[in-house]
Number of protein chains: 2
Amino acid sequence: MYTYQYPHPAVTTDCVIFGYDLREGLSVLLVQRGIDPFKGRWAFPGGFLKMDEDADTGALRELKEETGFEASSITQFGAFTAVDRDPRERVITIAYLALVRKGDVQGGDDAADARWFPVTAVPPLAFDHDRILRLALERLKEQIHFRPVGFELLPEVFTLSQLQALYEAILGVRFDRRNFASKMLKLGLLQPTGDRPTDAARRIPQLYRFNLQKYDDLKQSGFRLEF
Amino acid sequence: MYTYQYPHPAVTTDCVIFGYDLREGLSVLLVQRGIDPFKGRWAFPGGFLKMDEDADTGALRELKEETGFEASSITQFGAFTAVDRDPRERVITIAYLALVRKGDVQGGDDAADARWFPVTAVPPLAFDHDRILRLALERLKEQIHFRPVGFELLPEVFTLSQLQALYEAILGVRFDRRNFASKMLKLGLLQPTGDRPTDAARRIPQLYRFNLQKYDDLKQSGFRLEF
DNA sequence: TCAAAAGTGTTCTCCCTACACCCATGG
DNA sequence: CCATGGGTGTAGGGAGAACACTTTTGA
C-alpha cells in the first residue's frame, strides 16, 4: 500500500499507432481488453506509469508488452484528464502518437489480442479513447506539413501513386496526379531506385526511396510541405 | 491520508502566460515561490490538481489564485514527466499556454509576487520550468501560423508597425515593412478605426482593430498565415 | 528644414493550378 | 486492341520578395 497526504490520480500512457497499406488505408493498432472495466472492448495499447520511468519510457514499455512492437520514436500529443474517464478511480492519461510500417509490427508474441483497424472502421473503444483518436488524427494532419509522414508509413520503397494515396487518405482530399508528382520530386526527398516492381498489373511504375540526408538538410533550414 | 495499492505520482498544472508590450517585447508571467523547494525562485503559476477538476479547470484555478488573473482560454501543450523533476516526490505536470493583454493582468490582489519578465531576461527558474518555457516558445512560433496571436497580445487597437514588431519578436526575424502591410491587409482581418493616436512622435499612423467575424470565416475554410 | 516613421505601387520571379497527350502492360 | 494506370509538359494567374519615392510630423 502507498499512502499520501493528499489524493493522487493514477497516471497511464496510451499509444495511438498509425499504420498504412494500400488495401486498408490508414489504420490504427488496437488491443482487446482482457479485464474490466470495458472487458472485451478495444483500446489503445497503454497502461500505468511506473515510478522510475518517465512517460515516454512507460509508453514504449507498455506498447512493447501489449503488442510486441518496439517503436523507435513516439510523440506525445496530449493529456486527457476528464474526472470520470475511468470508472475505477481518477486516472489521467498521457497520449502518444507513432507512425510505423505495418510490416514491422507483425510477429509480436504477446500480441495475441492486438489488431489493426482501418480508421474508417474502428470498433467502439474503451474509456475516452474515441476522443484520443480524434485528436491523434488532427495532429497527424498537422504534422504532415512538417514531417515526411509518408516515408514513415510506407515500405522502404514505394511508388509515387502509393505516396499520393497515403497523403489523400490522411488529409481526406484528392490531388492532381501530375502536380503531386512534380511537387514531390522538386523537393528532392525522393530517390529513384533502379529497380522496378514485378507485380504490376499495368505499366510498371518507378520506385522511390526516401532521402534521409536531404530531409535533414531541409529540416535545418525550416521547411514546410505545402498541400 | 490517502492510500493506494500502487504508487501514484502527484499531478500539477503550470501556465505559461505570454504578454507583450512595445517596451519589454514578449514577456512571461512568473510568480516567486514562497516555500521550498526552490523557495525564492521564480516559476510559472500552477499547482496541484484537485480530484474533482480536470486539468484545464485546475490550471485556470491555480492561475487565478496565484496571479489574480482570469484567463478566458488556455491551451494544453505538453506533459513533463521526468522522474526527478521535483525533489519531494514524483510529480508530473501538465503545461498550458495562454496569450493575454498585459493590461488585463494588472490588479491581481493575491498577485503580490507575480511579475512580468521579458523572455530575453528570464531569471533562473524552479524545477524544469526552463524546459517548459522553451517548449512553450516553440509552440507559440507554430501557432502564429494558424491563430491571430497578434490580436490576442496587443491592445484592442494598434498600428501596423506594432503588429509587425510583435511578429518579429515572436519569430525572431525581420520583415519588409511594405510587404508585411500588404499581406496583412489583404487577409482582411484588420479593420481601420477612424481614430488616430495622439502620442505620435512622428507622422501619425493608422489604427486598426481585429475583425473577429472575418477570422471566424477564415477558420472555417482552414486558412494559414504565411510568414 | 531635417530626421524619422508612415503610406503607397511596380516589377520580377516562382510556384501552384488546371489541363492533354502519349506510353507500357496484361488481359 | 483496349482498359488501366504511368510519365511528362505547358500556359495562365496569383502571391511573395525586392525595392524607391513621397508625406507627415515634431524638433
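Naming: A, B, ... by sequence-line order, numbering from 1 per chain.
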Identify every side-chain donor-acceptor pair in residues 165-174 of chain A under 3.5 Å, counting partners at least two apart or on other chains, and give the distances.
| residue | atom | partner | partner atom | Å |
| --- | --- | --- | --- | --- |
| Glu168(A) | OE1 | Arg174(A) | NH1 | 3.2 |
| Glu168(A) | OE2 | Gln164(A) | NE2 | 3.0 |
| Glu168(A) | OE2 | Phe175(A) | N | 2.8 |

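The environment of Arg131(B) atom CZ is sparse: at most 12 non-hydrogen atoms of other residues, nucleotides or ligands sit within 6.0 angstrom. Surrounding CZ of Arg33(B) are more than 12 heavy atoms belonging to other residues, nucleotides or ligands, all under 6.0 Å away.
Between dG6(D) and Thr159(A), no contact under 4.0 Å exists linking OP1 or OP2 to a side-chain N or O.
With rounding to whole Å, Ile204(A) atom CD1 is found 12 Å from dG6(D) atom P. Rounding to whole angstrom units, CD of residue Gln206(A) and C1' of dA24(C) are separated by 14 Å. Going from atom CD of Gln164(A) over to atom C1' of dG5(D) covers 12 Å, rounded to whole Å. Note: CZ (Arg203(A)) to C1' (dA24(C)) measures 5 Å, nearest angstrom.
Looking at Phe44(A), Phe38(A), Phe80(A) one by one, the single match for ring-ring contact (aromatic ring centres under 6.0 Å, His included) with Phe127(A) turns out to be Phe38(A).
Glu65(A) and Arg61(A) are joined by a salt bridge, as a carboxylate oxygen and a charged side-chain nitrogen come within less than 4.0 angstrom of each other.
The aromatic ring centroids of Phe151(B) and Phe158(B) lie less than 6.0 Å from each other.
For DNA chain D, the residues of residues 165-186 of chain A within the heavy-atom distance limit of 4.0 Å (strictly under) are Arg177(A), Arg178(A), sorted by number.
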